[in-house]
Amino acid sequence: MAKRLAFYGTIIHSQNIGRTDILENALICTGEDGIITALEPNVPPDQLDDKLSGLNLNTEVYDVHRLHRGELLIPGFVDTHNHAPQWAQRGLGRGLQIIDWLNEITFKNEAKFANLQYARKVYTQAVKGFLKQGITTASYYASIHGPATKLLAEICFAEGQRALIGKCNMNRNSPPFYIEPSSQESLTATQEVIDAIKQIDPEACLIKPILTPRFAISCTEELLQGLGELAAENPGLPIQTHFNEALSEIDMTLSLFPDYTNEADLYSRFGLLNDRTILAHCCHMTQYEIERLKQVGCGIAHCPIANTTVGGGFMAAPIRDFLRQGITKIGLGTDSGGGFSSSILDAMRQAFIVSNAREKMTAGKDQSLTVDECFYMATLGGARVCGLDHKVGNFAVGKEFDACLVRTYEPADHDMDADLDLSVPLGVMTPIEVEDSFRTILEKFVMSADDRNIARVWVRGKCVK
Ligand code: XAN
């Protein structure tokens with residue numbers, strides 16, 4: 001059981017892609033189960049004590065936080081595409097095309113997760129590292145190894161991170177030291193991991209299994225068929241894969257599956273394209289595929305850092321085009337280690353950069369993204385992609401309290417609201433000025449903060465940083 005929490009101050013969250021609510025003088029409370037029990041904006045400061053006693057909020061059972069002007073409460077970040085074993089290879093292999101990068105850097109690194117001692121060390125660092133940066137939910141690709149994948153699930157659960165966790169399926173086009181011997185063995189190991197995760201967290205309070213065919217290149221038809229059957233037998237089971245990431249990858253996929261002209265039809269034929277599917281990248285999309293994704297309701301994991309630093313291209317998903325066509329089930333992925341950064345703040349910034357490039361490339365047709373849109377993708381959009389928006393992504397009575405306390409100044413013993421000039425900025429974030437609106441403070445945070453400004457983090461009401 002977590003301690004009950006109450007916060008009074010400024011809360012910022014998304015309601016949808018175009019709407020960010022800034023709630024000033026807001027009071028939010030949680031129960032011992034981490035569920036939000038009250039959310040009320042515009043509580044005048046002189047009425048706060050009455051309100052707290054009216055809600056029966058005494059500090060013995062509640063941890064009461066009064067936020068000053070330099071602090072904000074925002075939803076925890078959702079990382080919709082993350083390779084946990086690549087924590088130790090982030091940033092390596094720049095300049096390589098995607099298939100070469102996999103062969104020269106990634107598969108050698110992931111093969112090390114056959115060793116459970118090594119897996120424990122790296123996965124513990126990774127999960128703690130992501131939580132430290134406010135990533136309260138992650139959709140993880142593990143390695144091909146069942147035991148190490150179970151270990152990742154145990155670590156997420158113990159550290160208190162919400163996660164979807166998938167053992168990668170790979171039974172072809174992979175090096176001899178990093179390949180599953182047959183489709184049957186891959187399927188059996190997948191089922192074992194699903195069962196183990198359900199045993200660790202039977203009510204799926206924090207962690208859930210996810211089917212993870214790495215991409216069609218690494219799976220035989222028989223394996224994709226078997227995974228599609230698993231998906232059909234388990235109606236709540238999500239699926240994740242890489243999709244239309246790079247031209248070389250698409251060419252190779254279609255040459256391996258000559259009966260198909262596009263990846264959407266391929267995954268659909270094997271029962272792997274549905275409203276529980278998370279498609280990472282979606283960079284090179286035909287109009288037909290955009291319409292199929294919309295029709296089916298797939299989630300899109302936009303990974304702008306990896307798309308511009310690995311894979312030999314400067315082509316990230318056409319987000320403005322998706323939005324124009326009514327697709328809003330879009331989140332951000334760090335895609336670390338293809339993405340060199342494990343920060344969703346960095347992913348937001350790179351999403352702006354690639355959208356600016358697209359604006360130029362399309363002569364102004366695809367306008368660049370806004371702060372509201374990126375903030376949505378980092379929070380509520382990501383929760384939608386992971387099928388968790390009924391629980392997290394923003395704040396509402398009945399949802400679970402996953403949150404970050406943003407702090408822009410060092411804690412001080414003077415009245416920070418009155419004496420901003422005496423305050424010492426925390427980290428290297430753009431400093432707050434007296435005249436700044438909370439919208440400006442949010443923009444400064446998104447564009448220039450780092451993990452030092454994420455002072456505390458809660459998942460399901462439990463403090464994890
Ligand atoms: N395709 C991939 N793309 C990527 O960015 N990272 C990977 O690990 C991977 N595997 C297949």
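Throughout, residue positions are numbered sequentially from 1 according to the sequence presented. Both ligands and their constituent atoms are indexed starting at 1 by order of listing.
Between W458 and F7, the ring planes lie perpendicular to each other; the angle is over 60°, past the 30° to 60° tilted range. Between W87 and F130, the angle of the ring planes goes over 60°, which puts this pair in the perpendicular group of the 30/60° scheme.
For H81 and Y141, the ring centers sit closer than 6.0 Å to each other.
You'll find the side chain of I305 stays beyond 4.5 Å of the side chain of D335, heavy atoms only.
Taking all atoms of both residues into account, the shortest heavy-atom contact from Y118 to N109 is OH-OD1, 4.1 Å.
Looking at H81, Q89, H83, it is H83 that brings a heavy atom closest to atom 7 (C) of ligand 1.
At least one heavy atom of H281 sits under 4.0 Å from some atom of ligand 1. At least one heavy atom of W101 sits less than 4.0 Å from an atom of ligand 1.
Here E359 does not pair with R320 in a salt bridge; the nearest charged N to carboxylate O distance is not below 4.0 Å.
By the criterion of a heavy-atom distance under 4.0 Å, the side chain of L102, and not its backbone, is placed next to ligand 1. Under 4.0 angstrom from ligand 1, the non-hydrogen atoms of R214 all belong to its side chain.
What sits closest to atom 3 (N) of ligand 1 on the protein, heavy atoms only, is E245 OE1, 2.7 Å.
Close approach of ligand 1 to D335 is summarised as follows: ligand atoms under 4.0 Å from at least one heavy atom of the residue are 4 (C), 5 (O).
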